[in-house]
There are 2 protein chains.
Amino acid sequence: MLSVAYSAEAKQVAAARLAPQPERLEELFCSVPRESFEAGEGVFWEGDQADHVFKVSEGVLRVFKIIADGRRVITGFLYAGDLVGLSLKDRYLYSAEAVTPVRLRRLARKPFQEALEKWPDLRPQFFARVCDEMATAQDQMVLLSRKSAEERVSTFLMLLARRLHGCHPIGRRIHLPMSRLDMADYLGLTIETVSRTITKLVSRGVISPEGRHDFAICKPGKLLALCGDGDSYEEAIDREPKMRQAIWPH
Amino acid sequence: MLSVAYSAEAKQVAAARLAPQPERLEELFCSVPRESFEAGEGVFWEGDQADHVFKVSEGVLRVFKIIADGRRVITGFLYAGDLVGLSLKDRYLYSAEAVTPVRLRRLARKPFQEALEKWPDLRPQFFARVCDEMATAQDQMVLLSRKSAEERVSTFLMLLARRLHGCHPIGRRIHLPMSRLDMADYLGLTIETVSRTITKLVSRGVISPEGRHDFAICKPGKLLALCGDGDSYEEAIDREPKMRQAIWPH
DNA sequence: TAAATTGTGTAACAGGGTGTAACAGAGACT
DNA sequence: AGTCTCTGTTACACCCTGTTACACAATTTA
């Protein structure tokens, strides 16, 4: 069994080396067969030797950390096209599990790094991915640090709406593949609060349920305003005064 | 004035190019003169064109984001030796201000990137820095998402204790250069809660105040336990039951 | 020196979110 | 169809944290 794994890896390295120069980072993963994971199955665990990077080709993944008394924090959900395991030292920083049935391609760290050495054009792409991850993490810190339950849920819905429909003309329908518990652990809330908040949004006519995991966005503008990001200043001042007074650094 | 800036930049580029191969990333900054900032002064702002990377050589910096109604989130404090502005696209993700009087060296993005291209040995160092930043961000997400006020403050104190005294034999004295408001905006709390929590830690004899910005750690073990990280499982089970039941993923 | 300003500590109160529980709905299985 | 299991919803009391208010200390200004 060991030898099989070994030769498979050697083959991967060879394939990555011999392949013509790829234009896009994703192409590195093309030569590798896809693996399948059932919903709930683990892909790797925090603290594992970080031997591989992954590309999700189908389904949704959750990455999370757990502290000793069982509290869980989901640091992100990953969709088709996303790369996993980029920013790490020798051990994974978090665990990864399939939310839905998942298909992904796995590439050993070594050929991945060699490819980056060999083809400089890939490096900016790689760096951009890592930076996106960082930007996302910081937005999440803002959400967890200073947003109310309603703002958190709204932000989450808006995020999915944008992700599913390529940004601009925000998609009117969203699908939530994950459970309420997953949402709660991502948003730093409890399932009950998530549930209550969704109910509130529904009763206000901002969204409308179409089954448990699907919603239609009835009032995208209202939902955007509820996110608390306040892209425009006008948006911010004519909202009802919230629980916290403005604190400007001086 | 423009021409002066121009020639200074050109000089920088030349210096970086001509310098002998540096062994360490920090050495790239040696050729640049140091700039000084007063306490409270801004270094750059979120959304600015990200033209430079910085190395702190003295003092403490805070990096933060602000959402439109004035809520502020401090995403990190940076000390001497830290690099700022590494993980970014073309615009800064956050603002940076001096907490104390600060001296830092500024390097234009272009020569920095060229150095990374030219000397491959620097790339792993650079990547390690970015990954550290990412790891720190994720720990912060855990703190903001699932930790109580007491755990947050304890974690913060422990962080500073480790930072000041190179990790292992945890320093017995810590200095907090930032205001309570800074701490609050970093920990996702209010100044009153920070104040209350510190008072509680003092009254329990875990720490003892030595002026407003200095503390002695009287019971490092206790403080570590209060962090809620539970490095050991034993540590976790014999703590008094906390407000939240264990939630294990299944 | 006194007054104003800034930062911090303390206390009382209130509110948003949580913990617990019971209930409802949607499959899965016999 | 009926039962079981799992997930999600709703209700209510409670509690941690936020809000508000005031007092105090350190520093700056007049």
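Below, read A as the first sequence line, B as the second, and so on, with proteins coming before strands; counting in each chain starts at 1.
- Listed here is the closest heavy atom pair of His52(A) and Tyr92(A): O-OH, 2.8 Å.
- Distance, Glu192(A) CD to dG16(C) C1': 14 Å, rounded to whole Å.
- Taking the salt bridge (charged side-chain N to carboxylate O under 4.0 Å, His left out) definition, one finds that Glu210(A) meets it with Arg173(A), sequence neighbours left out.
- If you measure from atom CZ of Arg152(A) to atom P of dG17(C), you get 8 Å, rounded to the nearest angstrom.
- Within the nucleic acid shown, Ser195(B) comes within 4.0 Å of at least one base atom, counting heavy atoms only.
- With dA21(D), dT8(C), dT9(D) as the candidates, the nucleotide lying closest to the side chain of Thr199(A) is dT9(D).
- OP1 or OP2 of dG8(D) sits under 4.0 Å from a side-chain N or O of His213(A).
- Taking 4.0 Å as the cut-off between side-chain N and carboxylate O, Arg71(A) and Asp185(A) do not count as a salt-bridged pair.
- When each of Arg212(B) and Arg212(A) is assigned the nucleotide of DNA chain C bearing its nearest heavy atom, the one mapping closer to the 5' terminus is Arg212(B).
- In this structure, the nucleotide among dT17(D), dG18(D), dT10(D) sitting nearest to the side chain of Ser148(B) is dT17(D).
- When each of dA11(C), dG19(C), dT8(C) is scored by its nearest atom to the side-chain atoms of Thr190(A), the top-ranked nucleotide is dG19(C).
- Within 3.5 Å, a donor on the side chain of Arg196(B) pairs with an acceptor on the base of dG18(D), or the reverse.
- Taking atom CG of Leu176(B) as the reference point, atom P of dG9(C) lies 10 Å away to the nearest angstrom.
- Glu150(B) places its CD atom 17 Å from the P atom of dC15(D), with the value rounded to the nearest Å.
- Taking the ring centroids of Tyr94(B) and Phe64(B), they lie at or beyond the 6.0 Å cut-off.
- At whole-Å resolution of the value, CD1 in Ile191(A) and P in dG17(C) are 16 Å apart.
- What separates CG of Leu189(B) from C1' of dT8(C) is a distance of 16 Å, to the nearest Å.
- One can place NZ of Lys200(B) at 15 Å from P of dG9(C), the figure rounded to the nearest angstrom.
- Taking atom CE on Met183(A) and atom C1' on dT9(D), their separation rounds to 14 Å, with Å as the unit.
- A centroid separation of less than 6.0 Å is found between the aromatic rings of Phe54(B) and Phe44(B).
- At a threshold of 4.0 angstrom between heavy atoms, the contacts of Thr193(A) include nucleobase atoms, whether or not backbone atoms are also involved.
- Picking from dT8(C), dA21(D), dA21(C) the nucleotide with the shortest atom distance to the side chain of Arg180(B) gives dT8(C).
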